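Letters A, B, ... are given to chains in the order of the sequence lines, protein chains preceding strands, and every chain is numbered from 1. Every value quoted in this text rests on a predicted model; they were computed, and no experiment measured them.
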2 protein chains.
Amino acid sequence: MTEQNHLLEEVLQEDKSLTDKQRQILIAATEMFAEKGFAATSTNEIAKKAGVAEGTIFRHYKTKKELLLSIVTPMMVKMLGPIIIKDMNKVLDKEYEHFEDFLRAMIKNRKEFLEKNLKVVQIFLQEIPFHQELREQFIEHVGKKVLNRFVQIIEHYQQKGQIVNIPATTIIRLTASTIMGHFATKYVIGAKWNDDEEINQMITFLMKGLAPEE
Amino acid sequence: MTEQNHLLEEVLQEDKSLTDKQRQILIAATEMFAEKGFAATSTNEIAKKAGVAEGTIFRHYKTKKELLLSIVTPMMVKMLGPIIIKDMNKVLDKEYEHFEDFLRAMIKNRKEFLEKNLKVVQIFLQEIPFHQELREQFIEHVGKKVLNRFVQIIEHYQQKGQIVNIPATTIIRLTASTIMGHFATKYVIGAKWNDDEEINQMITFLMKGLAPEE
DNA sequence: AATGAAAGTGAGTAATCACTCACTATTAAA
DNA sequence: TTTAATAGTGAGTGATTACTCACTTTCATT
């Protein structure tokens, strides 16, 4: 728990208005939703696991779905912070002269986020096919803003002549697929490998694949 | 239906022992499972949509889960056919002299499979986190056999000096991530693009990224 | 110590769940 | 045409579902 749900813990501790029982409910729900899925988890089970009466859940959350959203929404909001506000501005003009350095920093950044929020990310990925609210929230909070920023960054490195001149969205897709494939292999399939080495090979592959035409 | 569920239709038509009502049940269940998920779909709903009494479902499938498996299992078995039996032997020695041609053929082949079985693939991806049987079936039927074959193919092209000399599994991961990312963008996010052009850019990217060191 | 608001409770609710079973309808072989 | 097997039915099962509500406990403020 401690190492896998930083974001949840942050929400739990930051919000001093939460009671202990409320925290327990959120912890229990997160674990059950991740394990069995939203639809297959009953409020009864959550209450038992949290050591709480079933009524207590509904005192704080009008519906079971509201409980789900209260777990997943903060994740999407907080995803913006590290990407947009901090990293991006650093990246765009100053810190990373080479696209490769940007790539490395980005991969490290996302890796840390993932490792600190495994279960909530898992719930998000599992439930997004079934809940339109989740899809809409994601597009609104993350999708457009982040995509636009990325386009800017890619075009920046294209102008510097460091990467090939194809549409920025294509480059983003190719890069994101490769990185997400790396994480999927690691966390879904559970591959055991030398992480640094695999990341290096991934970056080499990306840099070669996206190198400018000669 | 006709264009999206070839595999299902094949199973339905090939198996002459199936009655019309059984076919209706499988069609209705496939659509509901894809739309709402397994856990959130009731047998009552399936029966109504199929125009059948609820008891009829349980005459043929002992449990609701057995119904799910009867839809998803044939998909995994059939996935092997085109990859292993036909393409692979062709590919290994004769038909595709260049890795690029193999890639092209593979992408085309998987694209056709996907387009013909969209809903069943969707159900499979949605439910695999929650059902151990599905995971075990997948590893048994698809995982090991296909992976081994792919390793052979990659090493074949490595020996010919056409692709870089890093572990075959890494190459497979990088390639598969790129291709799956392409399909995910198309079918999940619903991107509208020039398909042939995007595939060409993807192949160029892969060939450059996997080119041998000089 | 008194007070009011918020937190917590758990028995209770109607609805829905997957599944059963005694029965009827259909079919194909004898 | 009889017969036996299979397909199909739908009312009925107890269990479980998300959620409610009248009530009690906790706690900060006066």
Ignoring backbone atoms, establish whether [X] has a side-chain N or O less than 4.0 Å from OP1 or OP2 of [N].
| X | N | answer |
| --- | --- | --- |
| Ser42(B) | dC17(C) | yes |
| Lys21(A) | dT26(D) | no |
| Thr19(B) | dA7(D) | no |
| Lys64(A) | dT17(D) | no |
| Thr56(B) | dT9(D) | yes |
| His60(B) | dT6(D) | no |

What is the separation between atom [atom1] on [X] and atom [atom2] on [N], rounded to the nearest whole Å?
| X | N | atom1 | atom2 | value |
| --- | --- | --- | --- | --- |
| Phe58(A) | dA22(D) | CZ | C1' | 18 Å |
| Met32(A) | dT17(D) | CE | C1' | 14 Å |
| Ile57(B) | dA7(D) | CD1 | P | 15 Å |
| Ile46(A) | dG8(C) | CD1 | C1' | 17 Å |
| Glu45(A) | dA15(D) | CD | P | 17 Å |
| Leu18(B) | dG8(D) | CG | P | 10 Å |
| Gln24(A) | dA7(C) | CD | C1' | 15 Å |
| Asn44(A) | dT20(D) | CG | P | 16 Å |

Taking the six-membered ring for Trp, are the ring centroids of Phe205(B) and Phe205(A) within less than 6.0 Å of each other? yes
Going by modelled atom types, is there a donor-acceptor pair between the base of dT6(D) and the side chain of Arg59(B) at under 3.5 Å? no
Should Lys186(A) and Glu115(A) count as an ion pair when the cut-off is N to O under 4.0 Å? yes
Check the angle between the aromatic planes of Trp193(B) and His182(B) and answer parallel, tilted or perpendicular using the 30° and 60° thresholds.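 Trp193(B) vs His182(B) ring planes: parallel.
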Side chain of Ala53(A) only, please: which of dT9(C), dC19(D), dA18(C) is the nearest?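 Closest nucleotide among those given: dT9(C).
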Test item: Tyr157(A) and Ile153(A) side chains (from C-beta on) under 4.5 Å apart, heavy atoms: yes
Does Phe113(B) have Arg110(B) sitting over its ring (NZ/CZ under 6.0 Å from centre, angle to axis within 45°)?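 Yes, Arg110(B) lies over the aromatic ring of Phe113(B).
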